[in-house]
Student: 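Sending over a structure as structure tokens; questions will come in a sec.
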Amino acid sequence: MNSKGINCVFHYLPLHSSPYGQKVSRTHGDLDVTEKLAQRIVRLPLWVGLEKEQEMLINEITKFLNT
């Protein structure tokens, strides 16, 4: 996405992985699905005036997801 000029940033840290979560978590076993999904979640661009670039963003994100 960066090569297309689209800034997508990391967004999610599972609670059990956070410093506080490690202190108080009561999880048992591995949380493989949570860990895998946490590595793939990003925050998409959102700002006032985005409407002008909305179609391009949708097209580029769709292309990325289909590769």
Side-chain angles (χ1 to χ4, degrees):
M1 299 307 292
N2 281 339
S3 68
K4 301 294 182 181
I6 300 171
N7 185 25
C8 296
V9 296
F10 174 75
H11 179 69
Y12 179 72
L13 177 65
L15 180 58
H16 71 278
S17 299
S18 71
Y20 182 74
Q22 290 176 352
K23 199 184 308 183
V24 300
S25 178
R26 294 184 282 172
T27 59
H28 300 283
D30 294 330
L31 299 175
D32 294 334
V33 173
T34 301
E35 295 293 336
K36 287 178 185 175
L37 288 174
Q39 295 171 9
R40 300 174 65 188
I41 294 174
V42 295
R43 193 170 352 151
L44 295 174
L46 180 63
W47 65 86
V48 175
L50 175 70
E51 301 83 11
K52 299 172 192 168
E53 299 183 46
Q54 181 174 329
E55 195 66 33
M56 180 276 297
L57 289 167
I58 291 169
N59 289 336
E60 294 299 332
I61 292 166
T62 301
K63 285 180 204 175
F64 179 80
L65 293 173
N66 290 325
T67 59

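Everything numeric here is computed off the predicted structure, so don't read it as measured data.
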Student: Search all heavy atoms of N2 against all heavy atoms of I6 and return the closest pair with its distance.
Tutor: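 Looks like OD1-O, 3.5 Å.
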
Student: What pair of heavy atoms forms the shortest contact from H16 to Q22, and how long is it?
Tutor: O-CG, 3.3 Å

Student: What's the separation between atom CD1 in I61 and atom CG in N66, rounded to the nearest 0.5 Å?
Tutor: 12.0 Å

Student: Tell me whether L31 shares a hydrophobic cluster with L13, the cluster being built from Ile, Leu, Val, Met, Phe, Trp, Tyr side chains joined at under 4.5 Å.
Tutor: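 Not linked; separate clusters.
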
Student: Report yes or no: do I41 and M1 belong to one cluster of Ile/Leu/Val/Met/Phe/Trp/Tyr joined by side chain heavy-atom distances under 4.5 Å?
Tutor: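 Looking at the clustering, M1 is in a separate group from I41.
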
Student: Hydrophobic clusters here meaning ILVMFWY residues chained together by side-chain heavy-atom distances under 4.5 Å, can you tell me if F64 and L46 are in one?
Tutor: yes

Student: What heavy-atom pair brings R40 and K36 nearest, and what distance separates the two atoms?
Tutor: CG-O, 3.4 Å

Student: If hydrophobic clusters are built by linking Ile, Leu, Val, Met, Phe, Trp and Tyr wherever their side-chain heavy atoms come under 4.5 Å apart, do W47 and V42 end up in the same one?
Tutor: yes

Student: Can you spot which of M56, E51, E55 makes a side-chain contact (heavy atoms from CB on, under 4.5 Å) with E53?
Tutor: M56

Student: Does L15 belong to the same Ile/Leu/Val/Met/Phe/Trp/Tyr cluster as Y12, with side-chain heavy atoms less than 4.5 Å apart forming each link?
Tutor: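 In one cluster: no.
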
Student: Locate the shortest heavy-atom distance separating L50 from P45; write the atom from each residue and the value.
Tutor: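 Closest heavy-atom pair between L50 and P45: CD2-O, 3.9 Å.
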
